[in-house]
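Keep in mind that the numbers below use all heavy atoms, side chains included, and drop hydrogens, waters and symmetry copies.
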Amino acid sequence: MRFLSLSTIVTLALPSSLTPVNGFTAPSTSAFTVQPSLSSRATSHVSTPSSSSSLSASTAPLHDESLSPGITSIDTSLPTLSPLFHLLRTSPFFRLYSCDMLASCEYIPQELFECYTESCEIYPVDDDEVPSDIKSSDLEQHAFELDGWARWDMPSEDYYDTLQFPEDYTGYDGRDVWGFIHDRIGFHEEEALLEDEYDADCWKADFNKAVSGLHAMVSAQVVRTMIEKLQDTGELDPESYQWTDPVEEYERRLGANGETPEAVENMYFTMMLLLSGVRAARERLLQDCDSGSIGDEETCETLRSILTHPLMDDPSIDAASRRLKNHALQDSNNLWEARMRTRDLMRIMNCVQCNKCRFHGKISTLGLSTALQLTLGNQGTGGDVADIKRVELAALVTTMGKFASGIELCYEM
């Protein structure tokens with residue numbers, strides 16, 4: 001999410017050839033890009049694009065043509081939808097999360113890493129800044145589910161604020177964690193996945209594509225906040241920041257010829273899953289607004305504007321969830337593997353040694369897991385929105401806002 005006008009930031013920070021003329025506007029055609037991944041993964045995805053179509057936010061070819069109408073709808077809707085997310089993030093319901101920032105990494109042998117910049121650190125808010133109904137809801141709703149889609153941290157007195165500690169380029173190098181996610185949590189065992197890890201005809205490829213989209217969104221946030229830092233300081237100290245050129249980093253992480261050429265396409269795919277998830281939770285969110293659980297009238301009015309936005313009822317955004325559900329129904333007895341790996345995706349965030357990155361990583365993975373839970377449930381037929389917890393609803397909507405911001409960054413580059 002951004003706090004400054006990116007059109008202004010990019011004008012100041014980037015070469016004129018890459019400067020947007022009038023800031024963000026919805027493109028007239030659709031196009032796609034690749035996910036920010038490890039360079040070793042650039043050669044692992046060898047699928048051939050299904051057509052010559054390309055994405056509006058990228059020059060990369062579109063691999064899954066069924067996504068094209070939904071991409072166009074998202075492109076058209078973001079100019080009116082994104083400002084609503086910026087308003088919503090000021091609400092305590094959507095910005096306060098109780099996270100365990102001291103949990104140990106259980107997946108990767110690590111040496112203690114001290115982040116080189118103060119921007120890595122976050123601190124809990126004062127206790128009186130957390131509404132009592134949020135505390136009580138989180139405590140009452142927390143339960144251990146053996147085979148659930150996610151396993152959020154045990155609530156404590158420590159709540160952290162996404163408004164006080166927004167997404168940031170901290171200089172932290174998370175490639176070991178992302179490498180583990182893609183290589184060990186992602187699916188690669190079947191021959192079809194070796195040929196096409198993102199668009200093979202199975203739900204495991206859909207899972208890989210969604211996780212790749214998550215990585216793409218994080219990379220977009222890194223580039224965005226790198227630009228913001230350049231605007232504020234004029235330069236980035238190479239002693240503290242390994243990467244200092246936002247254009248170069250965008251091309252490496254998200255460009256059509258970068259490490260994951262499908263990154264942007266995958267980000268749209270995951271965005272569609274989140275849109276479908278929020279729509280599935282719409283009545284629950286509206287009921288919680290009416291009951292006063294979500295916040296004041298201003299917050300609820302903003303949320304209602306999101307939930308009733310025309311994009312939420314556009315059938316084209318169902319392409320991702322329909323693809324995933326159709327694949328899952330053909331192999332519903334093995335969906336436990338998806339739930340297990342989604343829980344692993346949440347717990348691997350404890351291996352992130354930048355606390356701000358860990359905090360936002362946990363929120364984003366919870367948002368994705370909630371969308372998957374609502375889309376699939378246990379047998380591929382969909383989950384019960386009544387089972388969704390406050391923190392999951394908050395993360396779902398917040399993560400959709402993160403993706404909206406990430407897609408905008410791709411337009412502006």
Side-chain angles (χ1 to χ4, degrees), residues 1-20 24 31-43 45 55 57-60 113 115-117 119-120 166-179 181-182 211-268 270 352-354 356-357 360-361 364 402-403 405-413:
M1 300 246 181
R2 64 166 180 247
F3 296 89
L4 304 173
S5 167
L6 247 189
S7 58
T8 301
I9 295 167
V10 175
T11 300
L12 293 172
L14 303 184
S16 59
S17 61
L18 290 172
T19 301
F24 168 62
F32 268 37
T33 304
V34 186
Q35 171 199 354
S37 206
L38 301 178
S39 57
S40 63
R41 301 192 63 75
T43 58
H45 185 67
L55 300 174
S58 163
T59 59
F113 169 82
C115 189
Y116 295 125
T117 64
S119 58
C120 283
E167 299 89 339
D168 196 5
Y169 173 45
T170 66
Y172 172 70
D173 184 352
R175 73 182 71 195
D176 289 345
V177 174
W178 280 116
I181 289 171
H182 291 299
V211 172
S212 173
L214 177 69
H215 190 172
M217 179 276 289
V218 171
S219 287
Q221 299 294 352
V222 168
V223 174
R224 175 187 298 282
T225 51
M226 186 184 298
I227 294 170
E228 292 174 355
K229 272 186 161 54
L230 282 170
Q231 185 199 32
D232 291 340
T233 65
E235 63 178 358
L236 292 170
D237 181 2
E239 294 292 323
S240 299
Y241 298 96
Q242 180 176 352
W243 305 291
T244 58
D245 184 340
V247 177
E248 183 178 303
E249 282 309 301
Y250 178 85
E251 292 302 324
R252 179 176 74 86
R253 296 165 181 256
L254 294 160
N257 297 310
E259 292 173 353
T260 311
E262 261 184 82
V264 174
E265 174 177 347
N266 297 344
M267 180 158 47
Y268 275 103
T270 312
V352 175
Q353 293 182 292
C354 157
K356 186 178 289 183
C357 311
H360 284 278
S364 299
K402 290 175 181 285
F403 272 78
S405 177
I407 291 171
E408 284 185 321
L409 180 280
C410 296
Y411 293 135
E412 294 165 343
M413 295 299 287

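Summarising the geometry, atom NE2 belonging to H215 is positioned 8.0 Å from atom CD1 belonging to I181; distances are rounded to the nearest 0.5 Å. Here S119 contributes atom OG and Y241 contributes atom OH; the two are 4.0 Å apart, rounded to the nearest 0.5 Å. Within the model, atoms CD of E235 and CG of D237 stand 7.5 Å from one another, a figure rounded to the nearest 0.5 Å. From T225, atom OG1 reaches atom CD of Q231 across 12.5 Å, with rounding to the nearest 0.5 Å.
Screening Q221, K229, H360 for a side-chain hydrogen bond (donor to acceptor under 3.5 Å, both in side chains) involving D168 leaves a single residue, K229. Among T244, V223, L236, the one residue that satisfies the side chain to side chain contact (heavy atoms under 4.5 Å, CB included) test with Y169 is L236.
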* Take E249 and S219 through the side-chain contact (heavy atoms from CB on, under 4.5 Å) test and state the conclusion after the steps. => CA-CA 9 Å; E249 282 309 301; S219 287; over 6 Å; no

* Asked: Are H182 and V177 close enough, and set up right, to give a side-chain contact (heavy atoms from CB on, under 4.5 Å), and what steps lead you there?
  -> CA-CA 9 Å; H182 291 299; V177 174; over 6 Å; no

* **side-chain contact (heavy atoms from CB on, under 4.5 Å) evaluation trace for E251 with E248** => CA-CA 5 Å; E251 292 302 324; E248 183 178 303; 6.0 Å; no

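The two residues G213 and T270 make their nearest non-hydrogen contact at CA-OG1, 3.4 Å. In this structure, Y250 and A57 approach most closely via the heavy-atom pair OH-O, 3.5 Å. Smallest separation of non-hydrogen atoms from M267 and C410: CE-SG, 3.5 Å. In terms of heavy-atom proximity, S364 sits nearest to M217 at OG-CE, 3.5 Å.
Residues E167 and S405 form no side-chain contact, since every pair of their non-hydrogen atoms from C-beta on lies 4.5 Å or further apart. A 4.5 Å side-chain heavy-atom check between R252 and W243 finds at least one atom pair inside the cut-off. Side chains of M413 and I227 form a contact here, defined as non-hydrogen atoms less than 4.5 Å apart. Put simply, the side chain of K356 does not reach to within 4.5 Å of the side chain of C120, judged on heavy atoms.
In this view, Q242 and D173, R175 satisfy the side chain to side chain contact (heavy atoms under 4.5 Å, CB included) rule, not counting sequence neighbours.
In this structure, E259 does not pair ionically with R253, as no charged nitrogen and carboxylate oxygen lie closer than 4.0 Å.
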